[in-house]
2 protein chains.
Amino acid sequence: MPQTPTDQPPTELTPAQLEAYFAFTEVSSLLRHAVEKQLRDAGDLSYVQFQLLARLGDAPGGWRRMTDLADGVVYSRSGLTYQAQLLEQRGLVTRSPSPDDERSTVVALTDEGRAVLATVFPGHIDALRRLLFSTLSSDDVDDLARILGGAASHLRANPPRSAAPRRRAPRA
Amino acid sequence: MPQTPTDQPPTELTPAQLEAYFAFTEVSSLLRHAVEKQLRDAGDLSYVQFQLLARLGDAPGGWRRMTDLADGVVYSRSGLTYQAQLLEQRGLVTRSPSPDDERSTVVALTDEGRAVLATVFPGHIDALRRLLFSTLSSDDVDDLARILGGAASHLRANPPRSAAPRRRAPRA
DNA sequence: GGTTATTGCTTCGAGTTCGAAGCACTCAAG
DNA sequence: CTTGAGTGCTTCGAACTCGAAGCAATAACC
């Protein structure tokens, strides 16, 4: 194990870091594709739609505000509007203005939405176990949770600088 | 509701598994968004485009077949055709039929493509270090590489059953 | 109270993604 | 040689995604 002479960051990653990064991206892609296929077959849901339903199912009262939903799944506002429309058309959620704040829209799970979620969920869990957790020891899972949990916090704290502070539009 | 008597898989995940999974998806989303922003700012490249250039830069001779490129980045063939067109229009790659096999197209990095790659690469590495590796110990990195490497192999070995064997279209 | 930000969501346009279908070439079998 | 299967890539259409711009409601300030 070579000593790192000083702390100054080199322009390269260590082999282990590269390996970890490639493995991460590969698992990310493959797992996502596999899960999407399973969800499409089981309940004709996209991954995003499933995540939204799952988050609603998890919420007390079965409803959330649009923005909270979007933040929860790391998703654009406009994209969420689109998906929420689709889910509403299928009768899986309702959308209504919040009584608190007329600006915000509250998305709520319908009975049918809850039913679909209940139908799809076990298959999703099975897929996860089969694809991901079947090869992982209990310690591995703990390690993953600890390491990635820390990384997630760090990433949340360092947002990708949400667009440069743009100058205001010129008045007429 | 009875206790879980044996090892047979329950329909739920353990809290640690859930935690690991959520952390994984969150890191995946956040890291992807952040890296995409960095690449767009630095060289007006999408993540996919960067991955393609990087893979070409890594290849002996600086060229690869379309299919090998697509498999390498877990990407659809048609999507690759689209992105390869964009890269070709920008003069970063060339496409030409393989002398070996007239069917296959060989994508090769141009000098300009290599230059762009050299420009963008350090920033990419820096971003990775800043966003991901700055919080990880050397042991963490080793653990990640080991655990996710194993998971990746397993996923590669269990492809999402490439579409059900659909019946062939009726002849005329 | 009245003006000026800020917030929450939607609409819009442009760009990207995928799978299915199609085309061209190669290989195997007769 | 001829047929048929298989492979490699592209084209096509439909769906999805995002950011910018727009609208309405709330909050902040004097």
Side-chain angles (χ1 to χ4, degrees), chain A residues 29 32-34 36-37 39-41 44-52 64-71 73-90 95-107 160-171, chain B residues 29 32-34 36-37 39-41 44-52 64-71 73-90 93 95-107 160-172:
Chain A
S29 286
R32 170 117 190 192
H33 283 297
E36 267 179 350
K37 166 142 190 54
L39 290 172
R40 177 125 6 233
D41 292 349
D44 198 33
L45 293 174
S46 71
Y47 191 32
V48 174
Q49 288 171 342
F50 171 75
Q51 284 182 305
L52 296 178
R64 283 186 196 273
R65 301 187 320 146
M66 292 283 280
T67 290
D68 297 334
L69 270 180
D71 289 346
V73 298
V74 190
Y75 203 62
S76 75
R77 307 299 145 94
S78 48
L80 176 58
T81 295
Y82 176 72
Q83 290 294 350
Q85 277 174 349
L86 294 187
L87 289 175
E88 189 179 33
Q89 283 164 15
R90 284 177 59 178
R95 290 193 297 168
S96 48
S98 164
D100 278 4
D101 185 338
E102 284 289 330
R103 287 170 300 182
S104 60
T105 299
V106 162
V107 184
R161 86 182 22 245
S162 56
R166 55 195 182 71
R167 76 183 62 250
R168 82 186 46 228
R171 300 287 197 81
Chain B
S29 287
R32 169 117 194 193
H33 283 297
E36 267 181 348
K37 166 141 189 56
L39 290 172
R40 183 141 340 252
D41 293 349
D44 198 31
L45 293 174
S46 71
Y47 192 31
V48 175
Q49 288 172 342
F50 171 75
Q51 284 182 304
L52 296 177
R64 283 185 196 275
R65 301 186 322 147
M66 291 283 280
T67 290
D68 297 334
L69 269 181
D71 289 347
V73 299
V74 191
Y75 203 63
S76 75
R77 308 299 147 98
S78 48
L80 175 57
T81 295
Y82 177 74
Q83 291 293 348
Q85 278 174 350
L86 294 187
L87 289 175
E88 189 178 34
Q89 284 165 14
R90 284 177 58 177
V93 305
R95 289 192 297 168
S96 47
S98 165
D100 278 3
D101 185 337
E102 285 288 331
R103 288 171 299 181
S104 60
T105 299
V106 163
V107 184
R161 81 175 32 238
S162 55
R166 52 194 188 71
R167 76 185 62 254
R168 82 184 46 228
R171 300 285 196 80

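Computed from a predicted model, the values in this text were never measured in an experiment. Just so we're on the same page: letters track the sequence lines, and every chain starts at 1.
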Any B/R95 side-chain nitrogen or oxygen under 4.0 Å from OP1 or OP2 of D/dT10: yes

Can you check the [X] [atom1] to [N] [atom2] distance for me, whole Å?
X      : N      : atom1 : atom2 : value
B/D100 : C/dT26 : CG    : P     : 10 Å
A/E102 : C/dT6  : CD    : P     : 23 Å
A/L39  : D/dC16 : CG    : P     : 14 Å
A/Q51  : D/dT17 : CD    : C1'   : 14 Å
A/Q89  : D/dC16 : CD    : C1'   : 14 Å
A/D101 : C/dT6  : CG    : C1'   : 12 Å
A/M66  : C/dG8  : CE    : P     : 12 Å
A/Q85  : D/dA15 : CD    : P     : 14 Å

Grab the N/O contacts between the protein and nucleotides 22-24 of chain D below 3.5 Å, and write none if there aren't any.
none

Dump every N/O contact between nucleotides 17-19 of chain C and the protein below 3.5 Å, one line per pair.
unit_1: C/dT17; atom_1: OP1; unit_2: B/Y75; atom_2: OH; d: 3.3
unit_1: C/dT17; atom_1: OP2; unit_2: B/Y75; atom_2: OH; d: 2.6
unit_1: C/dT17; atom_1: OP2; unit_2: B/Q83; atom_2: NE2; d: 2.4
unit_1: C/dT17; atom_1: O5'; unit_2: B/Y75; atom_2: OH; d: 3.1
unit_1: C/dC18; atom_1: OP2; unit_2: B/S76; atom_2: OG; d: 2.8
unit_1: C/dG19; atom_1: N7; unit_2: B/S78; atom_2: OG; d: 3.1
unit_1: C/dG19; atom_1: O6; unit_2: B/S78; atom_2: OG; d: 2.9

Chi angles and distances behind the side chain to side chain contact (heavy atoms under 4.5 Å, CB included) call for A/R77, A/T81: CA-CA 6 Å; A/R77 307 299 145 94; A/T81 295; 5.6 Å; no

Closest non-hydrogen atom pair, A/Y75 against A/L80: CE2-N, 3.3 Å

Distance-minimising heavy-atom pair for A/V48 and A/R32: CG2-NH2, 4.2 Å

Sugar-phosphate only, base, or nothing, as touched by B/T81 at under 4.0 Å among non-hydrogen atoms: base

